[in-house]
Amino acid sequence: MRPVTKLLITVISGFYLACLLMPGLEEHLFLNRYLVLNNGEYWRLITVALTHGGLAHLFFNMYALLVLGNSLESAIGRNKFLALFLISQVGASFASIYFGAINVVSVGASGAIFGLFGAMIVVSKRFGLEVKQIYVIVGINFAIGFIFPGIDWHAHLGGLIAGVIAASVLLSPARS
């Protein structure tokens, strides 16, 4: 397992466990539009990735992070991969805050995961690889957000867009 991918999975899973052991901790981490915009609690744009709505939610996000993270981190390097993950998470959070319902609280790292999907499309195209399968996976996962209630599709879309933009910028050739 690649080091940054391993670190992210360890930290996110550790916080899930900590939230189970310390009731009330999650309330300081999840994404809440009011607390970010009115109280300036901007850390929630990132810490929302440390919270999850159950073990299945955590498992699927960490499995996707494992698969996508190992591939992307190998292809683009540790620093760019970490930057990509964080930028995708912030993009997802902003989309959730500005386009989601005012009374909705968001949890999870899936916005950042969608950013990794977007980056995988950019990386695959850059290396001349087939991207149809990635489009199918993104489409299926995006559709799930409309089938099951309580999934923040705004965050998914925001993360996807942020991931595409971030990967395009991070992988652009250096100008002299």
Please report, to 0.1 Å, the donor-acceptor pairs under 3.5 Å made by any side chain of residues 135-150, with sequence neighbours excluded.
| residue | atom | partner | partner atom | Å |
| --- | --- | --- | --- | --- |
| Tyr135 | OH | Lys125 | NZ | 3.2 |
| Asn141 | ND2 | Ile137 | O | 2.8 |

For residues 103-116, run the donor-acceptor check on the side chains, cut-off 3.5 Å, and write out each pair with its distance to 0.1 Å, sequence neighbours left out.
| residue | atom | partner | partner atom | Å |
| --- | --- | --- | --- | --- |
| Ser106 | OG | Ser96 | OG | 3.1 |
| Ser106 | OG | Asp152 | OD2 | 2.6 |
| Ser110 | OG | His156 | NE2 | 2.8 |

Got a list of side-chain donor-acceptor pairs under 3.5 Å for residues 7-31, not counting sequence neighbours?
| residue | atom | partner | partner atom | Å |
| --- | --- | --- | --- | --- |
| Thr10 | OG1 | Lys6 | O | 2.7 |
| Ser13 | OG | Ile9 | O | 2.8 |
| Tyr16 | OH | Leu55 | N | 3.1 |

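In this structure, the side chains of Phe81 and Thr5 come closer than 4.5 Å at one or more pairs of heavy atoms. Considering only heavy atoms from C-beta on, Tyr34 stays 4.5 Å or farther from Ile102 through its side chain. At least one side-chain heavy atom of Met120 sits less than 4.5 Å from a side-chain heavy atom of Leu72. Contact of the Leu170 side chain with the Ile76 side chain is not registered, since no non-hydrogen atoms from C-beta on lie closer than 4.5 Å.
Phe127 meets the ring-ring contact (aromatic ring centres under 6.0 Å, His included) test with no other residue; sequence neighbours excluded. When the salt bridge (Lys or Arg N to Asp or Glu O under 4.0 Å) test is applied to Arg2, no partner is found at least two apart in sequence or on another chain. Residues passing the ring-ring contact (aromatic ring centres under 6.0 Å, His included) test with His154: none are found, sequence neighbours excluded.
With rounding to the nearest 0.5 angstrom, the CH2 atom of Trp43 is 8.0 Å from the CG atom of Leu35. A distance of 9.5 Å separates CG in Asn79 from CD in Glu73, rounded to the nearest 0.5 Å.
At least one donor-acceptor pair under 3.5 Å links the side chain of Arg126 to the backbone N or O of Leu171.
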